[in-house]
Amino acid sequence: DQQVKQNSPSLSVQEGRISILNCDYTNSMFDYFLWYKKYPAEGPTFLISISSIKDKNEDGRFTVFLNKSAKHLSLHIVPSQPGDSAVYFCAASAGSFGNEKLTFGTGTRLTIIP
Amino acid sequence: DVKVTQSSRYLVKRTGEKVFLECVQDMDHENMFWYRQDPGLGLRLIYFSYDVKMKEKGDIPEGYSVSREKKERFSLILESASTNQTSMYLCASSFAGGGGALSNYGYTFGSGTRLTVV
């Protein structure tokens with residue numbers, strides 16, 4: 001039973017344009033959401049997070065939006081750069097801080113076309 | 001530079017062997033985790049630990065066990081390796097509780113061990 005779903009296995013975006021990665025979840029106990037970025041042969045690295053008390057969090061080129069009623073979150077990257085090409089994982093936690101047990105999605109491979 | 005170190009990047013083992021995957025962190029983190037990553041399945045939690053000598057089953061613990069005798073070290077054990085345990089194994093650690101800088105939230109991952117069971 002996949003509680004966190006990323007329905008797009010891959011996405012290609014032109015350099016300079018906006019990349020939008022989507023994530024859906026089913027467990028209403030999830031309270032904290034994170035995005036991780038993974039390059040080949042490396043471990044995932046933390047990108048940005050959002051608490052369920054917010055609907056938006058922004059950090060430079062990265063913005064995460066949360067729609068609790070739809071159980072949906074999205075990651076916006078603008079402008080997209082070649083170094084953004086990686087696999088992106090959405091993750092969710094029933095805890096308040098995202099440092100406890102995380103449930104991950106299946107990942108979306110983002111390719112930025114120069 | 002803070003680190004989570006996994007002892008091997010690549011490992012090839014035979015079916016039926018007992019396999020030890022080691023993970024060490026130098027950040028004084030209380031929490032440690034073992035995940036496996038498989039194509040189309042994302043990262044799935046095997047076991048985790050919130051304290052020394054403490055362990056809890058994750059979503060796919062069958063065929064695995066863990067050991068946490070010291071705060072900085074969390075070992076994953078494949079009791080009798082099978083071909084369906086061929087995977088990328090990722091160790092992670094995090095602080096317990098909340099508060100502090102946002103950078104304290106979430107996990108720090110190791111670089112992973114790609115295990116092939118033949």
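Below, chain A is the first sequence line, B the second, and so on; all start at residue 1. Keep in mind it's a predicted model, so treat the numbers as computed, not measured.
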Would you kindly confirm whether V24(B) and F48(B) end up in one hydrophobic cluster when ILVMFWY residues are joined by side chain heavy atoms under 4.5 Å apart?
-> no
When clusters are formed by joining ILVMFWY residues with side-chain heavy atoms under 4.5 Å apart, either directly or through shared neighbours, do Y39(A) and M88(B) land in the same one?
-> no
Taking every heavy atom of L41(B) against every heavy atom of T106(A), the minimum-distance pair comes out as C-CG2, 3.9 Å
Interchain contact, E56(B) with chain A, by part (heavy-atom threshold 4.5 Å) | neither
Validation row, ring centre Y107(B) to ring centre F46(A) under 6.0 Å | no
Taking atom CZ of F109(B) and atom NZ of K38(A), what is their separation to the nearest 0.5 Å?
-> 9.5 Å
D59(B) versus chain A, the contacting section by heavy-atom distance below 4.5 Å = side chain
Can you hop from L47(A) to Y32(A) via hydrophobic side chains spaced under 4.5 Å?
-> no
Would you mind checking which part of A91(A) comes under 4.5 Å of any heavy atom in chain B, side chain (CB onward), backbone (N, CA, C, O), both or neither?
-> neither
Linked, directly or transitively: V87(A) and Y35(B) (ILVMFWY side chains, under 4.5 Å) | yes
Could you look at R44(B) and say if it's the side chain, the backbone, both or neither that has a heavy atom under 4.5 Å from chain A?
-> neither
Exceeds 12 heavy-atom contacts within 6.0 angstrom, atom NZ of K5(A) | no
Where on P44(A) is there a heavy atom nearer than 4.5 Å to chain B: the side chain, the backbone, both, or neither?
-> both
Stepwise, does the side chain to side chain contact (heavy atoms under 4.5 Å, CB included) test hold for F33(B) with L102(A)?
-> CA-CA 9 Å; F33(B) 308 85; L102(A) 292 180; over 6 Å; no
For A41(A), does its backbone N or O pair with a side-chain atom of R9(B) as donor and acceptor, under 3.5 Å?
-> yes
L45(B) and K101(A) have their tightest heavy-atom pair at CD2-CG, 3.4 Å
Take atom CZ in R61(A); do more than 12 heavy atoms of anything else shown fall under 6.0 Å from it?
-> yes
Within one Ile-Leu-Val-Met-Phe-Trp-Tyr cluster: L11(A) and I112(A), side-chain cutoff 4.5 Å = yes
Proximal component of L43(B), with respect to chain A [non-hydrogen, under 4.5 Å] | both
